2 protein chains.
Amino acid sequence: MPVNCSDAHAHRHAQAVQQGQSHALDAQTLARLTAFFKVLGDGTRMRILSFLADTELCVCAIAELLGMELSAVSHQLRVLKQADLVRSRREGKTVYYTLADDHVRQIIRMGLAHINEKRGENDA
Amino acid sequence: MPVNCSDAHAHRHAQAVQQGQSHALDAQTLARLTAFFKVLGDGTRMRILSFLADTELCVCAIAELLGMELSAVSHQLRVLKQADLVRSRREGKTVYYTLADDHVRQIIRMGLAHINEKRGENDA
DNA sequence: CTCTCACTTGAATGGTGATTCAAGTGTATT
DNA sequence: AATACACTTGAATCACCATTCAAGTGAGAG
């Protein structure tokens, strides 16, 4: 699917294209990064992270907070865990989940900073 | 869809649940935050951002770099623009895109830090 | 004012992924 | 060992969204 862009300024592209490629991240890193953000790009998962911000919670409690079935919650927790965003700890029959580390809180805080900044611009 | 969790330790939940709710973000903020991360959770869009890290590029050049059609690129640039991640500038017939601000670079850097940290742990 | 170029927009399509239902683990309790 | 509980896992369904194709702007050139 080549671009049907005339050669008129093809050389200008060539230059820019080189620039664009030069510092671009390698494919694998980019894929990992994308996958990471994709995990954060889901309402249910973000709500779970938000709940876990202060406290550790068992799956049961999370499901109650979300008003969703245990199964659905478990599936999402699996995704969060694979992305190293949460950790789990077993105590008897119950499994407790926590945020993996402060890194997660930082990233969420940065996201918040971004959207708040933009909201401010729109108001101005 | 209530949780079929016995009342055995319902009171323990109640406590945890309150904790979980107390500092949780309000629904609208959470929705905006989720939407923001969702935009970053796409391979094509991340590649575009990666290309724009150093240089401004016209749609045509981006399409060439991606090996995709102009139309597809334009659609994605629209999404990125609505999320305030990129800005556009018209010069004659050509439209040039740039990263909106350094904020974007910071967020991507934080994402990279996270996945690199985790990669390190797995190696150890 | 017509034509081409660079891009945008709208409608249709196809693939991905979140949720559900049903069945399976693991851990205590009796 | 049998039952109950807290959770996990797999298969199926359904909605959403990225891409494509086709048509529509806007700006300069002839």
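Treat the numbers as computed from the prediction; the structure is a model and nothing was measured. Quick note on labels: first sequence line is chain A, next is B, and so on, each numbered from 1. As a basis for the values below, the full set of heavy atoms in this structure was taken, side chains included, without hydrogen atoms, waters or symmetry mates.
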Practice problem: Nearest-nucleotide wise, let me know which of A:R90 and A:A72 is further upstream toward the 5' end of DNA chain D. | Solution: A:R90
Quiz prompt | From D:dC7, C:dC21, C:dC7, nucleotide with atom closest to B:V59 side chain | solution = C:dC7
Self-check item: CG-NE2 distance between A:D101 and B:H114, expressed to the nearest 0.5 angstrom
Solution: 7.0 Å
Practice problem: Tell me which nucleotide among C:dC7, D:dC5, D:dT9 gets nearest to the side chain of A:K93. | Solution: D:dC5
Exercise. Scan A:R78, A:E56, A:K81 and name whichever one has a side chain to side chain donor-acceptor pair (under 3.5 Å) with A:S88.
Key: A:K81
Quiz item: Do we see B:H75 stacking on the base of D:dT19, given a limit of 5.5 Å between centres and 30° between planes?
Solution: no
Quiz item: For A:G92 and A:V73, take the nucleotide of DNA chain C holding the closest heavy atom to each; which residue's nucleotide lies nearer the 5' end?
Solution: A:V73
Quiz item: According to a strict under-4.0 Å criterion, is A:R78 in side-chain N/O contact with OP1 or OP2 of D:dT8?
Solution: no
Quiz prompt | Separation of atom CD1 in B:I62 from atom P in D:dA18, rounded to whole Å | solution = 16 Å
Quiz prompt | Rounded distance (Å) that lies between atom P of C:dC5 and atom CG of B:L70 | solution = 13 Å
Self-check item: Heavy-atom side-chain contact between B:V95 and B:L77 under 4.5 Å
Solution: no
Quiz prompt | Nucleotide D:dA6, atom C1' - distance to CG of A:L57 in whole Å | solution = 15 Å
Quiz item: To the nearest angstrom, how far is B:M46 atom CE from D:dA18 atom P?
Solution: 14 Å
Practice problem: Kindly point out which of D:dT20, C:dT19, D:dC7 is positioned nearest to the side chain of A:M68? | Solution: C:dT19
Practice problem: Measure the distance from CD on B:E69 to P on D:dA22 and round it to the nearest whole Å. | Solution: 10 Å
Practice problem: Using whole Å, report how far CG of A:L80 lies from P of D:dT8. | Solution: 12 Å
Quiz item: What is the distance, rounded to the nearest whole Å, between atom CD of B:Q82 and atom C1' of D:dA18?
Solution: 15 Å
Quiz item: Is there a side-chain polar atom (N or O) of B:T44 under 4.0 Å from OP1 or OP2 of D:dT19?
Solution: yes
Quiz prompt | Residue whose closest nucleotide on DNA chain C lies nearer the 5' end, A:R45 versus A:S71 | solution = A:R45
Quiz item: In whole angstrom, what separates A:Q76's CD from C:dT20's P?
Solution: 10 Å
Quiz item: Can you find a heavy atom in the side chain of B:Y97 that is under 4.5 Å from one in the side chain of B:V73?
Solution: no
Quiz prompt | Interatomic distance, B:L40 atom CG to A:L33 atom CG [nearest 0.5 angstrom] | solution = 8.0 Å
Quiz item: Considering only D:dC7, C:dG17, C:dT19, which nucleotide approaches the side chain of A:K38 most closely?
Solution: C:dG17
Exercise. Please state whether the phosphate of D:dA6, meaning OP1 or OP2, lies under 4.0 angstrom from any side-chain nitrogen or oxygen of A:Y97.
Key: no
